[in-house]
Amino acid sequence: MQGITLIGFMGAGKTTVGKLLSKSTGMNHIDFDDKIVEEIGMTIQEYFDLYGEDAFREKETTVLKKYIDHGFVISTGGGIVMRPENRELLKQMKPVVYLETAPEVFIPRLKNDHTTVRPLVVSKSPEEIKQVFEPRISFYKESASMIVSTDQRTPEEITEEILTRLKQR
Ligand code: S3P
């Protein structure tokens, strides 16, 4: 069964839009970061500190394989596209929607979000955050079957555009 998978950088709105899509479609919503935190029994920051980024990426592959093709609205973590294996899995998961967001939009958002600690951006300068983002752009684009620009738009407008474009297919 087909679901909808959202990819994009941290602060792009994957969780917020995922919840709205779930409400509109009636499909259940899954947030991969939450699933991983449930499984590892600690925060992502603690896991990074103890086991490193590669081990976290392996957990992402495990959840991706578990929830592929089960008809969920999925909000992935921003780094899911880093592993070639994950990009291959994403290509099988149509529709995969890339929420395309400019650094000028996500950087202030990340700085103002005190609800979660993101190890790859915490205590980094805007320039350093851009350096995390830039090598990923081509990975997001190659993994997506739809690209939706989110800048200057509300989560509701983004959700509407995704649903309209999916109906046109
Ligand atoms: C990460 C993004 C985070 C989380 C982890 C690593 C990344 O998820 O998975 O901190 O490498 O981009 P969000 O995109 O939901 O913030």
Side-chain angles (χ1 to χ4, degrees), residues 3-22 28-68 72-87 89-90 93 96-144 146-151 153 155 158-159 162:
I4 306 172
T5 304
L6 300 175
I7 62 172
F9 199 65
M10 294 169 264
K14 301 181 295 291
T15 302
T16 309
V17 172
K19 285 181 183 161
L20 290 173
L21 281 170
S22 162
N28 288 325
H29 177 238
I30 288 190
D31 189 286
F32 274 4
D33 284 346
D34 291 348
K35 286 284 161 208
I36 293 173
V37 166
E38 248 173 61
E39 195 186 308
I40 61 186
M42 62 181 91
T43 66
I44 293 175
Q45 177 71 66
E46 286 163 346
Y47 195 80
F48 263 66
D49 290 344
L50 274 174
Y51 304 107
E53 183 177 345
D54 285 352
F56 179 77
R57 301 287 169 225
E58 249 177 77
K59 291 282 169 201
E60 283 186 314
T61 305
T62 309
V63 286
L64 196 49
K65 284 182 176 162
K66 189 165 172 190
Y67 292 104
I68 202 168
F72 292 110
V73 176
I74 297 174
S75 302
T76 59
I80 194 109
V81 295
M82 296 310 289
R83 273 192 146 197
E85 185 183 1
N86 293 354
R87 297 199 293 276
L89 288 165
L90 286 166
M93 288 176 83
V96 172
V97 181
Y98 170 32
L99 298 184
E100 188 178 41
T101 308
E104 294 66 32
V105 174
F106 63 67
I107 290 173
R109 235 182 241 167
L110 291 172
K111 291 283 167 207
N112 292 326
D113 180 3
H114 303 291
T115 59
T116 174
V117 179
R118 295 174 169 97
L120 293 181
V121 296
V122 71
S123 62
K124 291 225 167 118
S125 68
E127 212 31 65
E128 288 169 322
I129 297 175
K130 272 191 204 168
Q131 282 166 18
V132 177
F133 171 61
E134 274 160 11
R136 292 184 179 183
I137 299 173
S138 59
F139 293 154
Y140 291 130
K141 290 188 173 166
E142 77 169 71
S143 308
M146 184 194 295
I147 299 177
V148 173
S149 170
T150 70
D151 298 344
R153 301 171 72 201
I158 297 161
T159 303
I162 295 170

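Whatever order the structure lists ligands and atoms in, that order sets their numbers, starting from 1.
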message: Ring-plane angle category for Phe133 and Phe106, please: parallel below 30°, perpendicular beyond 60°, tilted otherwise.
response: perpendicular
message: Checking a contact table here: which protein heavy atom is nearest atom 16 (O) of ligand 1, and how many Å away?
response: Arg118 NE, 2.6 Å
query: Hey, are Glu85 and Lys65 close enough for a salt bridge, meaning a charged N less than 4.0 Å from a carboxylate O?
result: yes
query: Do ligand 1 and Phe9 have nitrogen or oxygen atoms that lie under 3.5 Å from each other?
result: no
query: Among Leu89, Val97, Leu90, Val73, which residue meets the side-chain contact (heavy atoms from CB on, under 4.5 Å) test with Thr5?
result: Leu90
query: Contact between Phe32 and ligand 1, counting heavy atoms under 4.0 Å?
result: no
- prompt: Should you measure from each heavy atom of Asp33, which atoms of ligand 1 turn up under 4.0 Å away?
  reply: 3 (C), 4 (C), 8 (O), 9 (O), 13 (P), 15 (O)
- request: Can you label the angle between the Tyr67 ring and the Phe72 ring as parallel, tilted or perpendicular, going by 30° and 60°?
  value: perpendicular
task: Indicate yes or no for a side-chain donor-acceptor contact from Asp113 to the backbone of Arg109 under 3.5 Å, with no hydrogens or angles considered.
output: no
Element-labelled atoms of ligand 1 that are located less than 4.0 Å from some non-hydrogen atom of Lys14: 13 (P), 14 (O)
- prompt: Does the pair Lys59 and Glu39 meet the rule for a salt bridge (charged side-chain N to carboxylate O under 4.0 Å, His left out), with working shown?
  reply: CA-CA 9 Å; Lys59 291 282 169 201; Glu39 195 186 308; 3.2 Å; yes
message: With heavy-atom distances below 4.0 Å as the criterion, list the atoms of ligand 1 near Leu120.
response: 11 (O)
query: Judging by distance only, is a nitrogen or oxygen of Gly79 under 3.5 angstrom from one on ligand 1?
result: yes
field: For Pro119, the ligand 1 atoms whose distance to one of its heavy atoms is below 4.0 Å
entry: 10 (O)
- request: Evaluate whether atom NZ of Lys124 has more than 12 neighbouring non-hydrogen atoms of other residues, nucleotides or ligands under 6.0 angstrom away.
  value: yes
message: Out of all atoms in ligand 1, which are within 4.0 Å of some heavy atom of Gly77? Include the element for each.
response: 8 (O), 9 (O), 14 (O)
message: Does the Lys NZ or Arg CZ of Arg87 fall within the cation-pi geometry relative to Phe139 - under 6.0 Å from the ring centre and within 45° of the axis?
response: yes
query: Looking only at heavy atoms of Arg57, does any of them come nearer than 4.0 Å to an atom of ligand 1?
result: yes
- prompt: Does any N or O atom in Thr15 lie less than 3.5 angstrom from one in ligand 1, N or O only?
  reply: no
- prompt: Aromatic rings Tyr98 and Tyr140: how do their planes relate, parallel, tilted or perpendicular, breaks at 30° and 60°?
  reply: parallel
message: Just to be sure I'm reading this right: ignoring hydrogens, which of Met10, Met82, Glu60, Glu53 gets closest to atom 2 (C) of ligand 1? Compare them by their nearest heavy atoms.
response: Met10
message: Tell me whether ligand 1 is touched by Arg136 - counting only heavy atoms on the residue side and a distance under 4.0 Å.
response: yes
